[in-house]
Q: 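Input: one structure, supplied below.
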Amino acid sequence: MSATRRGGARRPRDFYPTPPGPLELLASWWPSLYRGGVVLEPAAGDGAICRWIADRGVEREYHRAIDVEMPTQRRRILGGWCGEVTQGDYTQLPIGVRPRLIITNPPFGLAVPFCEKALSDCAPG
């Protein structure tokens with residue numbers, strides 16, 4: 001897959017909202033993916049994944065979100081689903097917790113650094 005073949009100019013910060021299709025596929029795997037603990041969305045964007053995680057029954061206290069841009073309105077919306085909402089660049093932030101699960105749609109140009117950090121941040125197992 002190539003983000004450069006979308007036609008036209010690239011969006012700022014490579015922000016392309018998460019479509020529902022991939023989340024629908026994850027829904028059938030959810031019971032085996034999530035077995036308690038903290039869930040992190042480190043590229044929260046418009047909150048599509050955060051809303052999806054909340055809809056799966058993850059309590060706010062176990063649901064964290066990070067995004068490089070966090071206007072007041074977005075912080076308020078994400079705060080309705082997530083117990084902790086942080087503004088910053090995930091690839092540069094110490095997160096202070098070992099999430100059991102990280103689900104994200106990172107900026108295309110940062111996919112590898114996001115994945116590498118997620119692998120080191122996740123709790124074993």
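We number each residue from 1, following the sequence as shown.
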Q: Check whether any side-chain heavy atom of R60 sits under 4.5 Å from a side-chain heavy atom of W81, and report yes or no.
A: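 The answer is no, as the side chains (C-beta and beyond) never meet within the 4.5 Å cut-off.
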Q: Do the side-chain N and O atoms of D67 and Y90 include a donor-acceptor pair separated by under 3.5 angstrom?
A: no
Q: Which pair of heavy atoms, one from P42 and one from F114, lies closest together, and at what distance?
A: O-CE2, 3.6 Å
Q: Might you confirm whether atom CD of E61 has over 12 heavy atoms from other residues, nucleotides or ligands at distances under 6.0 Å?
A: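 Atom CD in E61 is packed in, count exceeds 12.
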Q: Do the non-hydrogen side-chain atoms of L101 and L40 ever get within less than 4.5 Å of each other?
A: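 L101 does not reach L40 side chain to side chain.
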Q: Using 0.5 Å steps for rounding, measure from the CD1 atom of I66 to the CG atom of D89.
A: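 It is 9.5 Å, given to the nearest 0.5 Å.
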Q: Kindly say whether the aromatic ring centers of W30 and W52 come within a distance under 6.0 Å.
A: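 Yes; W52 has its ring centre under 6.0 Å from that of W30.
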Q: For the CD1 atom of I77 and the CZ atom of R51, what is their distance to the nearest 0.5 Å?
A: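 Result: 9.0 Å between the selected atoms.
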Q: Do V39 and Y62 come close enough that some side-chain heavy atom pair is under 4.5 Å?
A: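 Contact flag for V39/Y62 side chains = no.
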Q: Check whether R100 reaches the backbone of A123 with its side chain - one donor and one acceptor, N or O, closer than 3.5 Å.
A: no
Q: I'd like to know if the side chain of R74 reaches the main chain of E69, judged simply by a donor and an acceptor atom lying under 3.5 Å from each other, with no hydrogens or angles considered.
A: yes
Q: Could you tell me which non-hydrogen atom of G47 sits nearest to which non-hydrogen atom of L78, and how far apart they are?
A: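 Heavy atoms of G47 and L78 come nearest at CA-CD2, 3.6 Å.
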Q: Any side-chain heavy atom of R64 within less than 4.5 Å of one from T86?
A: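 Answer no - side chains too far apart.
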Q: In Å and rounded to the nearest 0.5 Å, what is the CG to SG distance from D55 to C50?
A: 11.0 Å
Q: Quick one: does any side-chain atom of R98 pair with a main-chain N or O of C122 as donor and acceptor, under 3.5 Å?
A: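 Such a contact is found between R98 side chain and C122 backbone.
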Q: Is the side chain of K117 donor-acceptor paired with the backbone N or O of L93 at a distance under 3.5 Å, no angle test?
A: yes
Q: If we only count heavy atoms from C-beta on, is the L26 to I103 side-chain gap below 4.5 Å?
A: yes
